[in-house]
Number of protein chains: 2
Amino acid sequence: MNSVHPDNLTANPLYREVQWRITRALAAGEWKPGEAIPSESRLAAQFKVSIGTIRRAIDELVAGRILVRQQGRGTFVATHTEDRTLFYFFHVVGKDGSREFPESEMLGFRKERSDEADERDFGLARGTRVARLRNLLKLGGQPVVLDDITVPVEEFPKLDEATFRKREGTIYGLYQARYGVNVVRISERLSAAQPPAEVAGILGMHPNQPALQMRRIAYSYNDSPVEYRRSWINTAEHEYLSDLWKTAAR
Amino acid sequence: MNSVHPDNLTANPLYREVQWRITRALAAGEWKPGEAIPSESRLAAQFKVSIGTIRRAIDELVAGRILVRQQGRGTFVATHTEDRTLFYFFHVVGKDGSREFPESEMLGFRKERSDEADERDFGLARGTRVARLRNLLKLGGQPVVLDDITVPVEEFPKLDEATFRKREGTIYGLYQARYGVNVVRISERLSAAQPPAEVAGILGMHPNQPALQMRRIAYSYNDSPVEYRRSWINTAEHEYLSDLWKTAAR
DNA sequence: TTCGATTTGTTCGTATGTATT
DNA sequence: TAATACATACGAACAAATCGA
């Protein structure tokens with residue numbers, strides 16, 4: 001067979017074409033988070049390629065934490081209910097290096113139109129209907145992170161305050177389980193600044209004490225942005241950890 | 001042949017054993033940065049494994065940016081002379097998202113013994129002979145990052161001020177070319193703080209303006225630490241970008 | 001410019017091992 | 001125990017890029 005598949009018009013290798021098709025199926029909700037996707041042999045038959053090509057396609061999705069393989073069981077769509085996926089997206093640790101599961105408390109919820117700041121910070125078209133959510137994260141009982149979250153209402157139908165307040169697990173877990181929105185990648189920008197008095201008060205900071213200011217964009221499949229955050233982090237006892245994979249190189 | 005190679009006592013898969021052996025050879029300086037390692041077919045013959053196993057072993061080292069493949073040419077030990085490797089380790093960007101090659105200026109150099117702070121921050125045994133280097137990075141002509149770098153003298157024989165001052169390219173490029181020390185991974189911890197007046201002055205900051213404080217540990221092969229930094233970043237016009245790979249998921 | 005050798009890249013197939021159900 | 005699914009290892013064939021004769 002040729003190295004280029006007949007219905008592959010983009011001159012991409014076959015395994016990448018397969019990867020696309022799997023990604024599209026995921027984006028379309030064909031297989032839900034936590035569920036198993038068809039077995040490699042079944043996918044090979046379905047796509048009419050060798051099992052090795054299927055494995056190669058899945059390899060990259062596993063590396064991107066979009067799928068999870070389990071020998072003897074199957075290959076599953078990654079969920080946000082496991083601790084390791086949490087710490088893939090949550091980078092605040094104790095200054096002693098301790099990692100802790102944060103306790104979450106919702107402080108506010110409203111719906112409105114996106115404004116100029118959203119356009120400047122996130123490239124979000126002005127006037128988009130959005131929900132705003134203020135969420136406080138505590139570590140060891142102490143308030144450490146204040147998140148101001150913005151999501152387009154369109155992506156999250158029938159979103160309401162009670163859903164957020166009564167949720168179990170992480171916010172991304174909620175997106176995934178209830179709205180079928182799967183966050184697979186984030187981009188964060190950090191700077192140091194003086195938080196507003198209101199924020200400093202919530203975070204229990206002394207006045208004039210600086211804090212970490214963060215802007216995050218969260219992406220789903222195919223690099224489509226689905227959530228925007230402005231956060232303040234009290235770094236008196238904690239810090240932001242950026243650790244570029246321990247995967248390879250041992 | 002068995003899945004476990006005769007001289008593989010650790011019950012690791014064969015490709016990982018091969019990966020180890022390649023990594024050890026790299027750490028021993030058998031192949032220098034910029035040089036080609038033996039071809040896959042040659043390695044396969046040398047290690048008495050199939051070429052597929054060699055490819056699998058190299059795959060992970062390429063993913064970890066330790067090796068670089070080039071079709072038709074060979075597989076090379078990664079260097080710090082290319083722009084893309086620079087931005088893998090340098091995370092400061094303009095607030096408008098612009099990436100710029102920093103201009104470097106050495107402000108100080110001395111040798112001494114490591115102190116209590118090094119032990120606390122980096123786990124570096126107290127009393128180790130170290131070199132201290134103060135380096136200023138400018139972006140667009142403006143001072144933005146001040147690095148206080150600490151390296152164990154043992155790893156860098158005959159290290160002197162002139163070598164640093166007259167270098168071309170990055171500091172990690174210098175480590176690599178002149179001392180055979182190849183930085184392959186870094187871990188960074190960030191917090192917000194008030195810089196000392198001296199630092200604020202160097203960075204051209206207004207007094208009482210907060211800055212990003214960073215501690216970095218740089219690792220070579222096999223996760224052995226080789227360099228320690230304390231940095232201050234002026235985030236008036238720039239910010240720290242943490243973008244967890246765009247590789248997969250497209 | 002052409003050609004051939006070399007090297008990595010892609011795809012296929014097969015056999016066997018290991019974990020799960 | 002048997003069936004299923006992923007994991008490892010091998011090999012073959014051809015494609016595509018590179019480089020020097």
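Below, chains carry the letters A, B, ... as their sequence lines are ordered, and counting in each starts from 1.
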For this session: Round to a whole Å and report the spacing from CZ of B/Phe47 to P of D/dC10.
Result: 13 Å
Exercise. What's the CD1-C1' distance between A/Ile58 and D/dA7, to the nearest Å?
Worked result: 13 Å
For this session: Taking only the side-chain heavy atoms of B/Ser39 (C-beta and beyond), determine which of C/dT8, D/dC10, C/dT10 contains the nearest atom.
Result: C/dT8
Exercise. What is the distance from NZ of A/Lys48 to C1' of C/dT11, rounded to the nearest Å?
Worked result: 17 Å
Exercise. Is any side-chain heavy atom of A/Glu17 closer than 4.5 Å to a side-chain heavy atom of A/Phe47?
Worked result: no
Exercise. Checking all strands, does B/Gly74 fall into the base, sugar-phosphate, or nothing category for heavy-atom contacts under 4.0 angstrom?
Worked result: sugar-phosphate
Exercise. According to the interplanar angle, ranging from 0 to 90°, do the rings of A/Phe156 and A/Tyr179 count as parallel (below 30°), tilted (30 to 60°) or perpendicular (above 60°)?
Worked result: perpendicular
Problem set entry | Identified ring pair (Phe, Tyr, Trp, His ring centres under 6.0 Å) partner of B/His80 from the options B/Phe89, B/Phe87, B/Tyr88 | B/Phe89
Exercise. Is it true that atom CZ of A/Arg24 has more than 12 heavy atoms of other residues, nucleotides or ligands lying nearer than 6.0 Å?
Worked result: yes
For this session: Take the protein atom CG of B/Leu67 and the nucleotide atom C1' of C/dT7, then report the distance between them rounded to whole Å.
Result: 15 Å
For this session: Pick base, sugar-phosphate or nothing for A/Arg55, based on heavy-atom distances below 4.0 Å to the nucleic acid.
Result: base
Problem set entry | Length of the CG-P vector between B/Leu43 and C/dT7, whole Å | 11 Å
Write out a two-atom table: protein N or O, nucleotide N or O from nucleotides 18-21 of chain D, distance below 3.5 Å.
from, atom 1, to, atom 2, distance (Å)
D/dC19, OP1, B/Arg73, NH1, 3.3

Exercise. Does a nitrogen or oxygen in the side chain of A/Thr53 sit under 4.0 Å from OP1 or OP2 of C/dC12?
Worked result: yes
For this session: Look at A/Arg21 together with A/Glu30 and state whether they make a salt bridge at an N to O cut-off of under 4.0 Å.
Result: no
Exercise. For the pair made of CZ in A/Arg56 and P in C/dG13, what is the distance, rounded to whole Å?
Worked result: 17 Å
Problem set entry | D/dA21 - base-pair partner by Watson-Crick or wobble geometry, distances under 3.5 Å | C/dT2
Exercise. Between D/dC6 atom C1' and A/Ile51 atom CD1, what is the distance in whole Å?
Worked result: 8 Å
For this session: For B/Arg215, check salt bridge (charged side-chain N to carboxylate O under 4.0 Å, His left out) against everything at least two apart and list the hits.
Result: A/Glu239
Seminar exercise, completed: Closest to the side chain of B/Glu40, out of C/dT8, D/dG11, C/dT11, is C/dT8
Exercise. Under 3.5 Å, is there a donor-acceptor pair between the B/Asn222 and B/Ser224 side chains?
Worked result: no
Problem set entry | Residue-phosphate contact under 4.0 Å: B/Arg42 side-chain N/O, C/dT7 OP1/OP2 | yes
Exercise. Which nucleotide sits closest to the side chain of B/Tyr15: D/dA9, D/dC6, C/dC12?
Worked result: D/dA9
Exercise. Under 30°, 30 to 60°, or over 60°: which ring-plane class applies to B/Tyr175 and B/Phe164, parallel, tilted or perpendicular?
Worked result: perpendicular
For this session: For C/dT8, take OP1 and OP2 only and decide whether either is under 4.0 Å from a side-chain N or O of B/Thr75.
Result: yes
Exercise. Given atom CD1 of A/Ile54 and atom C1' of D/dA7, what is their separation to the nearest angstrom?
Worked result: 16 Å
For this session: Just compare D/dA9, D/dC6, D/dT8 and give me whichever is closest to any side-chain atom of B/Leu14.
Result: D/dA9
